[in-house]
Number of protein chains: 2
Amino acid sequence: MPRIDTKTRILDASEQLFAGRGVSGTSIRAITAKAKVNLAAIHYHFGSKESVLESVLSRRLIPLNAERLTLLEEYERRSKNNVVALPKIIEALVGPALRVSRDPKKGGGLFMKLLGRLVLEPDEKIQSLLTNQFRTVLERFMPALKKALPGLEPADFYWRLHFLVGAMAHTMADSERIQTVSGGICNPDDTEDTIKRLVSFIVAGMEAES
Amino acid sequence: MPRIDTKTRILDASEQLFAGRGVSGTSIRAITAKAKVNLAAIHYHFGSKESVLESVLSRRLIPLNAERLTLLEEYERRSKNNVVALPKIIEALVGPALRVSRDPKKGGGLFMKLLGRLVLEPDEKIQSLLTNQFRTVLERFMPALKKALPGLEPADFYWRLHFLVGAMAHTMADSERIQTVSGGICNPDDTEDTIKRLVSFIVAGMEAES
DNA sequence: GTCTATAGAACGATAGAC
DNA sequence: GTCTATCGTTCTATAGAC
């Protein structure tokens, strides 16, 4: 009997391989080899490669998005007139994601690399899978952001949301390059420091004069 | 005789397929089918799939990066003491890229989607390929940026460069989502408008108080 | 639930005729 | 420079023993 059950071992191995070599770059055989399970086990437990991807995603995204909402609601409860300051909202949005993306117990950064890849995947099934996971978060954060940025015209609002996602996704997905480029000056393993810097960059960008 | 030669047809087809389905998700057979050339032609002209990718990249990146440098040098020539204002530098960096990424004659946005994908590709050969293409640009833009942001401590400087790349890459790679999310309010086909908004977001972020 | 064995298809790459 | 033909490999998926 293995210490960790087959299903979890398959999910762990898949997460690492999908992140490292892409979904289409990862064969079922590579997953079963890494997970040290039989080739047929993956079909028994999940049915198909795509279903494995779905499980890999929801395992991390469901608790992550729940934490985002919990943080936002906590800030709203403490606020006056339900208007939360912009830095707090951004922190609730990017903080949990960066913490997951650095926690070795939760994929050790690889899960967020995977997510960064999937955002650009045009496959419809993958896209609807992601959209469903993020719909609730978007619906809750958008009104809060609008309240915190009352003077911003709609086009600027959505464009800046777009830029925000880009800065966040790139930071989550790529923690190696920053170390190389900066010659070791930047330490991506200091998660709270990274969050602070990213939040202040985004907040300034969101509040820029048009 | 075809109107466009075989080599170019292979590059065009590869660009579209690599961008849409990823490099490992694209088979040589799919490329030759789309390009309407013989299966063996790709090996005759390029030798391997990887060599095709290299040609796809350099075909766009060499003129693109040359234009970036030309713009920066022009701004420096017009400036006092060689200190170019931050918005101009950012414009020289992201402007040419966004213009290429929207020009239907230059891949029609697909090339930049491909680039967005490749940034997260851990394959060493792909990474060194990209690094080589961007080395000159980085070496020229870094000193200009440092001069334009004299008070910024090094760690903040490199982190914000990282966030900049993320916002830029995401904007280049994904021009469909913004339309959906904004309900049609944002028009990514208005390239100069997009550049203006992106530059003002990035400039504000770069100049944020620590 | 876990294994072996294998079917059936698609893959990258090349040899050799024209 | 372009074609056909094919080698050897790897893939997903499944059938059936235990």
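So you know, we letter chains A, B, ... as the sequences are listed, proteins then strands, and number each from 1. Only this structure's heavy atoms are used, side chains among them; waters, hydrogens and symmetry mates stay out.
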Under the side-chain hydrogen bond (donor to acceptor under 3.5 Å, both in side chains) test, which residues partner Arg102(B), sequence neighbours left out?
->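 Counting only residues at least two positions away or on another chain, Arg102(B) forms no side-chain hydrogen bond (donor to acceptor under 3.5 Å, both in side chains).
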Whole-Å gap separating [atom2] ([N]) and [atom1] ([X]):
| X | N | atom1 | atom2 | value |
| --- | --- | --- | --- | --- |
| Ile28(B) | dG12(C) | CD1 | C1' | 6 Å |
| Lys49(A) | dA10(C) | NZ | C1' | 13 Å |
| Arg9(A) | dG1(C) | CZ | C1' | 13 Å |
| Tyr44(B) | dG16(C) | OH | P | 17 Å |
| Asn38(A) | dT4(C) | CG | P | 6 Å |
| Leu39(B) | dG12(C) | CG | P | 8 Å |
| Ile42(A) | dC11(D) | CD1 | P | 13 Å |
| Ile31(B) | dA13(C) | CD1 | P | 11 Å |

Within the distance-only criterion (no hydrogens, no angle test), does the side chain of His170(A) pair as donor or acceptor with the backbone N or O of His162(B) below 3.5 angstrom?
->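 Yes; at least one donor-acceptor contact below 3.5 Å.
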So, does [X] get its side chain near the phosphate of [N], meaning an N or O under 4.0 Å from OP1 or OP2?
| X | N | answer |
| --- | --- | --- |
| His43(B) | dT2(D) | no |
| Ser27(A) | dT10(D) | no |
| Ser48(B) | dG12(C) | no |

Phe111(A) ring centre to Lys106(A) NZ or CZ under 6.0 Å, with the angle to the axis within 45°?
->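 That pair does not qualify as a cation-pi contact.
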Using a cut-off of 4.0 Å on non-hydrogen atoms, how would the nucleic acid contact of Ala40(A) be classed: base, sugar-phosphate, or nothing?
->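 Contact class for Ala40(A): base.
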Nucleotide of dG1(D), dT6(D), dT2(C) approaching His45(B) most closely (side-chain heavy atoms) |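 So the side chain of His45(B) is nearest to dG1(D).
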Are Phe157(B) and Ile185(A) close enough that some pair of their side-chain heavy atoms sits under 4.5 Å apart?
->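 Contact flag for Phe157(B)/Ile185(A) side chains = no.
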